[in-house]
Each structure stands twice: as C-alpha cells, then as structure tokens.
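Just below is one structure, and these are the notes that go with it.
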Amino acid sequence: MAKHADRTYDPVAIEREWQARWDRDGTNSFTLDELRTAERPFFNLMMFPYPSAEGLHVGNIYAFAGADVHGRFKRMQGHDVFEPIGFDAFGIHSENFALKAGVHPMDLIPANVANFTRQLRRMGGMFDWAHTVDTTDAEYYKWTQWLFLQLFKHGLAEQKEAPVNWCPSDMTVLANEQVVVGACERCGTPVEQRFIRQWFLKITDYAGRLLDNLPHIDWSETTLKAQRAWIRRSRGARISFPVVTGADGIEEGAEQIAIPVFTTRPDTVFGATYMVLAPEHPMVDTVTTDARRTEVDAYRARTRAMDLVARQKVEKNKTGVFTGGYCMNPATREPVPVWIADYVLMGYGTGAIMAVPGHDERDFDFANTYELPIVRVVAAEGEDADTPLDIAYEYPRGRLVNSGPYDGLSPSEATGAIVDDLATRDLAESRVNYRLHDWCISRQRYWGPPIPIIHCDSCGPVPVPEEDLPVVLPRVEDFRPDDTGISPLARVRDWYEVPCPSCGRDATRETDVSDTFLDSAWYFLRYPSTDFGDRPFDDDITRRWLPVDTYIGGNEHAVLHLLYARFVTMALSDMDRVDFEEPFKQFRAHGLIIREGAKMSKSKGNVIVPDPIIEQYGADTFRLYLMFLGPFMAGGDYQDQGISGPHGFLHRLWESVVPQKGELPEHAIDPKLEQKLHRTIKRVTDQIANLRYNTAIAAMMEYLNAARAGGRTPCRVEVEPLVCLIAPFAPHMAEELWERLGHEGSIFDGANWPQFDADKAVEEEVRVAVQVNGKVRGTVSVPAGADRDAVIALARTEDNVARHLKGMEVRGVIHVPDRLLNFVAAREAVSSTL
RNA sequence: GCCGAGGUGGCGGAACCGGUAGACGCGAAGGUCUCAAAAACCUUUGCCCUUGCGGGCGUGAGGGUUCGAGUCCCUCCCUCGGCACCA
C-alpha cells in the first residue's frame, strides 16, 4: 500500500488522520437508532469541564485520559460504550473572567468551547460529539428550569431568608470564596452579613436516604466517607425549656412558651446550668429584659457585622452576653439563665442549646469565661458526684450523679429514661438531626439560568408555565452586579415585567439565577437524549443507558456535585420520572498531578501546557506518560524528562510492528515468550480493570523488552496482541498498526481484546529462593510444582547453601511451593557430632 | 482537634494472601554506531566492606509476633488531603 510506504513513526500525521477518520466514520458516536438498540450499553461518564479561557490544563487531560482508557478498554471487551463530554459554562468563574477581560460571556463562552473542543479531539478521547451538552445553551437550560419547576411542584423548592456575605463598598453579594480574611477580595472592605430571600431546594428531606444508600453503591471509599461526614446524622432528643416569665421566680402555668433545644446527650440534662441561643434566634427579643437590651442588641449587631467564614472560626475565644431572661430546666425544675453567643449556630438543630459545661468542652470554656456554674452529672470509674472537673468529661461512660432519680444509671440507660419521662410532660422527644443544610440555589448574579418563577402580589410565587420555557437569559451589556445588591436582571425592566400567568395582573419575574450545581446535577440524564427537543430525557433511552456505569472524576466534587446529583435523581425517582434512585453505580476518584514535587499553579509558573507537548511527542505518548506516572487513583508527579520513557516504548513498539528494513516475520511464537505473553495479558487486563494503569503499562514494557531482548526481532503473533493491549492508552497508534497488520476497520470495533489462556501461561521451570535461617543463600531452578524433598535435595547441593548448613543441625524446613525453601537450623551440639 | 491517605534507591514508583525488597521508567556511568552530535542500541547502577568468591546493612523511629515482616500488632514522629464551635 502506497500510503504505508513511510515506515517512520510520525505521531502528528497519524493522529490527525485517525481523528479525521473517526469523525468521518462515526466511530465514536451513536445514532439515535443505535442508542435505542445497543445490546451491551455501557455509560462511561467523566466530569464535564468548565471551559476556561486558558484552555484544557493537564489536570483535565489526566482525568479524561484515565476515564477514556477505561471506556476504550470496556469497548474492546465488547461493550457498547457511550462516552459523552460537555461544557459546564455558567457561573461565577466565567462571569468574573468576562468582567475582568471586558468581554461579554455570551461571546466569550462559544470561543472557549470551540477551543476546548479542539483540544479534546486532539487528545484522542473517544467522545461522542453527536451528544454534547452546553449548560449555557437555551436548549439545555430550558430543561434545567423544567427540573426546578418539577421540584417546586413537589414542594421541594421554597423561599427562605438566609444570610449572604455583603460587601458594603461594592454593594454586592459575595460568594464565600470571594471573602479573604473577612474582607472583600476586590476592594478589601470588611464584609458583613445580610439577610435576603432566596430559593432553597429541600435536600434535607432526603438526608436519611442519601446516607442510608451509601453502603449500597460502589464508590471510592474516600468519597463515601466525605459524603457521610457532610450529611452527618446525630441521634438525640429535642428538649423544651419553658420560658420563665416575670422578673424573678418561676411561674408554672399552662400556655407557657418554651424554647426547644437539640442535644445528643439528654442524659446530661441535670447538668444544664444555662442556655445559649444563637444571636439570630427569633426568641431573643422575647427573653431579653429591658435592662439588658442595649447590650444584647449591640452584640447581635457585632455578630451580623462578621462575615460568614469568620463567624465560624474555632480558634477565637468564646463571647456572649446574658439576655436577662431565664428558662426552666425541665429536669431540675430550676431556672437557668439564657445567654446569646455566636458559638451557637442558627443553622443547626434548633439554634438553641442547653449548655452542660461539665460534659461539653465548648460549654466548659464559656462557663469559665463568664463564671457560670459547672455541675458534674456523670462520674467515670473511680470518680463520684464531688470529683472536681478540670476539663469537661465528654465520654458517655460511667454512672449518673447529681441527677435525682436517675443517679446510678449508665448514660445510655438514662438517655432513654429521661426522654421518656420528659415526653410524658410533653417536654421532650427523640430526634434525629442532620448536619446537611438545604441547598441554596439563588445567585444574585447574571451568568446563569433565570429561576422560572413569576412573583405576583395576589398569587405569590407562580411557576412559569412549562410551555413558556425557556425563560431566556437576555443579553445585557452591563452585567456587573450593582449597588442594589440584587441581580443585574433586576435592571432589565422590559424583561422582568410580565403578566401573572395565573391571574393576568402585573407581576415580575424572579431576577435571581440558579446555582451552576443545578446545571450539573442532571447533565448525565441529558447526554443520551440530546436528540430530543421536546423532553429532557427519553424514557426508553434512559432505561437502557442509566444509571451511569462508571463515573470518574475529582474528589473535589466528592460532596457538593455528587450529592446534588444523587438528590435530584432520588427526587425524580419519587416523581416516577426515572426508575432508579442512584445515578452512578460506580464512582472512582482519580488523584492529582503535581510537578516535580510541587503543586502546579499559575502563580508558580510551573503549569504544563498540553498543546506543545502533544506537538512534540503526540497525544498517544502524552496519554501513556500521564497514565504511567503513578496509580491513577493516587495521582502522580510529572517529571519533565520522564516522558522519554513511554515515548521510547511507543517507538520500539512501532519499530517492532513496522520494521525499518525487511518484513515482519511470520513464524510461530517462541514458547517462552508465549508464557510471558499470556501472563502479560492477564496482568494488563486485571490492572486496567482496577485502574492500575501504571503497572499495566510496566507489564507491557516488560513484555516488549523480553520480545526484543538482545536485539531479537519479534514476529507477528508476538506483537499483534500488544497492539491491542496498548490501544486504550495509545489509540491512534493502535489503529494505524492494526491497519498495517492488514485488518479492516477500527480496532475498537469488534471486541479485539486479547484472550487470556491460563494453560499457555504456566511456567515449566521456576526459581526457588533458598534460605538458611531466613537469609537468602542461593536459588535453585526446579520444575514447577516440584515437591519438597526434591527441592531440599537440590538445595543442599548449592555450594553456598551447603556452606551455611555446615556444622548446623537442621531442625525444620519451611517450603513454599515454587517460591521459597527455608532451612531452620542451629549450631550442632559438640556431643552430637560424629 | 477529628477523620482519611501516605512515608520504600539520586528521582517517579513496584511488591498477590507474611515468602528472593527495589518490577517498570527517569537520571547517572561505561560502551557500540558516527567526522561529530542527537537519536537508537548494549552493559552497569540501594548503601558499606571485598581484587574476586562472598559478607554486612537496608522500606520514617522504637518495640513486639513469626522459621521469615515493607506487609500483622503496640508506641511515637513526619507529610498530604478533607472536615472543623454541628450541641
């Protein structure tokens, strides 16, 4: 063939050609019909990128290459692998970049997407370009808005007041990461909290299920751990502390107002010597006495002036003020003072605590600072009711003391008894609490999908009718956040002024846009259904392709993205829109690439730019090297010179299949090499399946080294299987070599993964290490499976072994078949020698 | 502080279930080819002693279990990642 006249390995030319052929032949894309009928569907998902202006960075390529290797491997084993990619292009990153660069995001994003697309093709990913997604495309976010409406209609979306970071100088809302040590990252003005009405999705309704499903999904252990910690279930009780009315003394009467607290330690309620409310707690005004009001208001103002991050710093000393009010401890029936302090958070539990300084470190600190009483109510072994407390005793072990009728009970016994007894007076109930908060999706920003709600004075919040979707984000030239503190969309009067869909009266659109995490919470559902303009996802297609078989991505999304996607899927499942609860059967977190021991960052100037490397070595070499750096799930250290190893390997492989002079020999396989080949097939197959790419590559290198040892020329049947084994890593080269070996069509069509044959992998001769008292003194070659006595006999003839056994009495022999022989020996007693 | 992962040659990293530590690759040294260089190929390469044969030491530190420990147990040190006043 004339086109194969050139025998040198030219990665750039080969890669360009095969990428064009894949496009032309539709090698990697599915038609709608193929999607409908695929017999062994395998959905191979990776986290779609945010298309930055800088282009793909190595971290992206590392993640995508690793996922692509997995997808190509599955495909070669005969699966119909669907491997889509898309662009997560809404959000504050794009918006901020656009602001800085003075470009409109509607112009910026398409350019970035085009550049990303070029780079993604160039790295040789098996992407289905017929099924991509761009979250900023109205054809996509129409369905993001639809999703919001479904959640709204099922009572899973509601408006609540919530604090935001507010920069009083820029007059704008800031995200937590835009706050640097309590100040606005742009102007340095101290940030304060403001309360505004925002939309929340009620993920907390699903907290229990989201937690309880975790043991049943095949995810990286670290990711499961992170989710568990994030949701965090606490079992305990809600206990009511009735407010004591009147200036002094207790008025026990009916109809008293009570303040509920949440506690995990109801057994310590007799030690609750004071109460603390969060400064924002709605009961603060009620309990505060006139005498204390000035001080209380000042403290609340001070708390509000703190940004949300600083508010939760642990290191600072605890502060608080007394409100002047009292509540009755329902167990002791004694009045306890009510304080406010910022160490109590409004967002958790009831926003109020019963403080048990004897048995809680935080309360202990606070009590010491403000000289509040500390009472011991649990005594550990060797302690009694009067043993002084130097520090809080937090363990639920010991016996109750100073607790009236409950004295002597263990903490767990007391927990049940106390809750039951208080329950009879309607003052307690068992309760499970979650750390997980509802998901705030409101963004007072421009670059996102408008939340499809219309506010009407008479009807309240009315959903935009589904047939009116999408609510198109209008092109606004001046999209800067401004001094109103609300979304820039609130300046576009002819956009937001609309009739109420329900009553027809004048109404206004919601001007907040939604969080990007909502865009990405369902994109995997859209991919296989992008052929449909009239529905977000098609039932038949979804049944066939989902849930996702493998999802590979970074652990930085272990919590938010993955949790939101699970929540949305679970909610859709409850609405009977999908027939599964969990979207991702398998999730694997990949590691991170560092460079020569240091984290890559723009500021250090040690970022790897992929394009020049691909130009110099080719995408195949780059992919292979990235996968060779270290275990995929652990990451690796990019050393600039290291790429020459994999590059040389590909050259040698090429040279072995396409000899520079002469023809590829056709003779039979060398028997020794055949054993090694089959052991290599097994190792590579097992290791790729477990994402142990680095050792899979090492095994292939070892095999090729053996096939070429001492300048040997391998024959066709010795190298052909290696072309298949390398294909997931170096797809372009594999295609080219496959064709040069005389095959028609793509190597990825037709289940070409080599078959492992156990019979052909057995070794006839093995080397057995011989030890004397655990130290290796020699090795012997024996037939595989040789028995103990034969190995012992042979081992004794080894000079060095014999020398070490001289004058020794062998007391035992350990034999590990085919591996090791160990003589356990001691110096002979003189009397026993001949 | 809590949780998780980890500490192995000059470097990145291997080592199944406790069984020859250092696979594979980089780097380094020597060699072949070349006018020369690059590339390619071959050999050597954990440290120490020894001309050689061989011997001693060696997987963060210290103990333990075992015929045998990178691997199991205990104590401690360090690095990285996550969570962090969640009652």
Side-chain angles (χ1 to χ4, degrees), chain A residues 221-226 228-230 232 234 236 261-265 268 272 276 311-316 318 341-345 347-356 359-363 365-366 394 433-437 555-556 558-559 591-592 594 596-597 599 625 628-631 633-649 651-652 655 660 683 686 692 694-703 705 708-711 767-779 799-800 803 811-825:
Chain A
E221 197 50 43
T222 49
T223 315
L224 292 175
K225 283 258 163 62
R228 253 177 233 127
W230 191 261
R232 194 154 92 198
S234 304
V261 301
F262 174 75
T263 176
T264 54
R265 293 293 303 277
T268 62
V276 186
R311 165 71 193 271
Q312 302 207 2
K313 278 277 168 264
V314 188
E315 306 89 69
K316 67 184 169 61
K318 291 185 176 33
D342 66 2
Y343 81 93
V344 173
L345 310 173
Y348 186 78
T350 63
I353 61 158
M354 63 176 209
V356 184
H359 303 280
D360 182 285
E361 197 191 330
R362 298 154 300 178
D363 300 340
D365 288 351
F366 193 78
E394 298 194 304
N433 214 22
Y434 296 92
R435 198 203 79 117
L436 181 68
H437 283 45
N555 229 2
E556 68 273 16
V559 176
L592 297 176
I594 55 172
E596 274 148 12
K599 220 182 257 178
Y625 178 47
F628 184 64
L629 288 178
M633 289 187 280
D637 188 355
Y638 190 101
Q639 303 188 328
D640 291 1
Q641 293 167 314
I643 197 168
S644 62
H647 191 236
F649 169 70
H651 267 281
R652 287 189 289 278
E655 211 275 330
Q660 297 307 288
R683 282 170 68 184
D686 293 349
R692 307 276 310 189
N694 58 330
T695 51
I697 294 165
M700 289 187 266
M701 288 172 165
E702 222 177 295
Y703 173 74
N705 288 347
R708 292 168 56 95
R767 295 189 70 75
V768 171
V770 182
Q771 300 182 334
V772 176
N773 286 333
K775 286 194 192 290
V776 178
R777 298 302 182 188
T779 62
D799 285 354
N800 202 37
R803 188 164 66 239
R811 300 197 170 156
V813 181
I814 309 282
H815 178 230
V816 181
D818 293 350
R819 304 230 39 159
L820 171 136
L821 188 76
N822 186 14
F823 290 101
V824 184

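In this text the structure is predicted, and so the values were computed from the model without any measurement.
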Could you give the distance separating [M] and [N] at their [atom1] atoms, to the nearest angstrom?
N       : M       : atom1 : answer
rA28(B) : rG46(B) : C1'   : 14 Å
rG18(B) : rC74(B) : P     : 16 Å
rA21(B) : rG56(B) : P     : 13 Å
rG30(B) : rA37(B) : P     : 13 Å

Nearest-nucleotide pick for Lys318(A), side chain only, options being rC57(B), rC85(B), rC83(B): rC85(B)
Selection from rG25(B), rG55(B), rA87(B) that lies nearest to any side-chain heavy atom of Phe628(A):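 The nucleotide sitting nearest to the side chain is rG25(B).
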Sugar-phosphate only, base, or nothing, as touched by Val344(A) at under 4.0 Å among non-hydrogen atoms: base
Donor-acceptor under 3.5 Å (His437(A) side chain, Gly347(A) main chain): yes
Identified pairing partner of rG19(B), criterion: Watson-Crick or G-U wobble below 3.5 Å: rC67(B)
Indicate whether OP1 or OP2 belonging to [N] is found under 4.0 Å from a side-chain N or O atom of [X].
X         : N       : answer
Arg819(A) : rU20(B) : yes
Asn822(A) : rU66(B) : no
Asn705(A) : rG25(B) : yes

d(CD, Glu702(A); C1', rA14(B)) in whole Å: 10 Å
